[in-house]
Structure formats: structure tokens, C-alpha cells
Amino acid sequence: MSSFLEYVPGTSLLHRMNPVAKLAAAALFAVACFCSSNLVFLAVLLAVGFALAATCGMVGPAVGLAKAVFAFSLILAVVQILTTPSGAVLAELPWGYIGTGSLLAALTTVVRLMAAAIPLFLVFYVTKMNDITNAVVKVLHVPYRYAFTFTSTIHFIPLFMNDMKGIMEAQTARGVEFDAGGIVRKVRLMVPLCVPLLVSSVRKTNSAAIAAEVRGFNLRGVASGYKEYPFAGYDVAVMAVAVALVACAVTLGIVL
């Protein structure tokens, strides 16, 4: 399986789209997810996300992302269940109660986060970081330094994850058991690992900054890139569909 955010070549529509159109459509898709609380509508958007992943041949990575987002969103769901009493009473609490509305709101939160994350993940998975940077600079006329900062942040995520994995494996080899004990013990074991990770991240960032400056980073502009990123008919069509999804989500939020 390809690593996190590794570019995957292909000939699907998502591969052929303009990078700016991809980002815009994915952002609008996420906005649609957060504009509606209709569980059926969100489930449809989640299914659409998996369908997009299937067209790119990346159902496996999409499922892996969905599992990770599901694990994270469960924390938010539990907090929401315990702090937002609504609907028919299911269980009494000292500060309120857990109701049917609380469970429905928690489920909506989980599905919403999963549906919003998949399209954004696919965009960064099937698009080269250089293409995203150059397209944002050429099409949107964003200063190169800001576009480069954005894409570099995304690029460093898997590097830092691999560094943390290596640090944890080294500590495990020394007898540290990260899987044993409760959540408090796990947090206490993870906190000291942030120090070597911070040192490693600062070293990598400094090396990248020096390399970029040597290559004339401060001289880059709109005319520096040789590749053009024209919009095609399907780019406009996909963005129109994304706008329609946002309008549908807002309409559902008003009507229901």
C-alpha cells in the first residue's frame, strides 16, 4: 500500500483535473458536510467520497483514513453525548441526561468528519505537491512563499509521523510498553517523546530552509514555473456540482 500522501499516478478524472479545481471542489465538499446536520445527506456524501476513492483505485487508503478519523471523532462524540442532553431520556446523569438526540448528534458528528476528510485526502494523495504549489501561484496569484509553506506543511506530516514511529520503536526495544496501562500512563509515556521529535523537526526544517534559499527561493514568482494549468470543461462541471452540494446542504439546514 502506498504511504501517506504519496502521489499515485493514474488516468481518472480526479488525476486529470486542474489542481486548483480539485482544491476548490474538495473544500466546497467539506463546507457542504458542515452546512447540514441531516444524517441521510451526510451518509450520501460519505458514499460519494468512497465512490471517488474507487475511481482512483484507492479504496484501501480511504478506508484507512476513515478508520483514523472515526477513532478521533469518537472522542468528540463521547463529549457531545455527555454534554448535550436532548431527545427522549435514555440514561440519567448527575449534570443532565443522555437522550436519543444526543446519540443522533454524536453519530452525525462522526459521519460528518469522515465525509469531509476523504475528498481532501484524495486531492493531496493524487496530486503532486509541486503541481499544487505552482497552480495556486499561477492561477490564484498567491505569493510563492505562502503556497510553498502550505504544501511543505502537508509534506512534512508523513515525515514527522515516521520519525515518531521510529522513536516509539526505539523505546519499545528498550522495554517501554506503550500498550499497557490506562490512558493517563500512555500520555505520560508519550510526552517525553515530543522532545526528540521536536529536535528532529527543527533540524529538518532548518535543512529544508537552507536548501530552498540556495536554490533561489526568494526569486520565485508567477513566471518561474514552466508548466501551465488551464481549466477544462470537467473542472468547471465538478466545481458546479460541489457548489450545488453546498446549496443543497444549506437548503436542507433551513427546511429541516
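We're numbering straight along the sequence, starting at 1.
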Give the minimum heavy-atom separation between [X] and [Y], together with the two atoms involved.
X: V238; Y: A25; result: CG1-CB, 3.8 Å
X: F29; Y: G49; result: CZ-N, 4.5 Å
X: N18; Y: P230; result: ND2-O, 3.3 Å

If Ile, Leu, Val, Met, Phe, Trp and Tyr residues are connected whenever their side-chain heavy atoms lie under 4.5 Å apart, and connections chain through other members, are [X] and [Y] in the same group?
X: L39; Y: L252; answer: yes
X: L120; Y: L245; answer: no
X: L140; Y: V123; answer: yes
X: I210; Y: V199; answer: no
X: V110; Y: V44; answer: yes

Test of understanding: with side-chain contact (heavy atoms from CB on, under 4.5 Å), list the residues that count as partners of [X], not counting sequence neighbours.
X: A232; result: Y234, D235
X: L28; result: A242, V243, V246
X: E169; result: K165

What is the distance from atom [atom1] of [X] to atom [atom2] of [Y], rounded to the nearest 0.5 Å?
X: N38; Y: T251; atom1: CG; atom2: OG1; value: 12.0 Å
X: L42; Y: F34; atom1: CG; atom2: CZ; value: 9.5 Å
X: I132; Y: T151; atom1: CD1; atom2: OG1; value: 7.5 Å
X: L52; Y: F121; atom1: CG; atom2: CZ; value: 13.0 Å
X: F41; Y: C33; atom1: CZ; atom2: SG; value: 7.5 Å
X: N134; Y: E228; atom1: CG; atom2: CD; value: 10.0 Å

**OP:** Give the ring-plane orientation class for Y144 versus F148, where under 30° counts as parallel, over 60° as perpendicular and anything between as tilted.
**Re:** parallel
Original post:
Would F150 and T133 count as a side-chain contact (heavy atoms from CB on, under 4.5 Å) if you check the C-alpha gap in whole Å, the side-chain angles of each, and the deciding distance to 0.1 Å?
Top reply: CA-CA 8 Å; F150 171 70; T133 303; over 6 Å; no
Original post:
Tell me, which pairs form a side chain to side chain donor-acceptor pair (under 3.5 Å) where one or both residues lie in residues 19-37, sequence neighbours left out?
Top reply: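 Side chain to side chain donor-acceptor pair (under 3.5 Å) check on residues 19-37 returns K22-T127, S37-R112.
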**OP:** Quick one: do D131 and Y229 satisfy side-chain contact (heavy atoms from CB on, under 4.5 Å)? Show the steps, please.
**Re:** CA-CA 9 Å; D131 285 337; Y229 300 92; 3.0 Å; yes
Please set out all donor-acceptor pairs under 3.5 angstrom arising from side-chain atoms of residues 58-82, sequence neighbours excluded.
from	atom 1	to	atom 2	distance (Å)
S73	OG	V69	O	2.9
S73	OG	F70	O	3.0
Q80	OE1	T109	OG1	2.6

Subject >> Residue pair F231 / V139, side-chain heavy-atom distance below 4.5 Å >> reply: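 SC-SC contact between F231 and V139 confirmed.
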Original post:
Residues sharing V236's hydrophobic cluster, by side-chain heavy-atom contacts under 4.5 Å among ILVMFWY, directly or via others?
Top reply: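 Under the 4.5 Å side-chain rule, V236 groups with nothing.
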**OP:** Verify, without hydrogens or angle tests, whether T172 (side chain) and M168 (backbone) share a donor-acceptor contact under 3.5 angstrom.
**Re:** yes
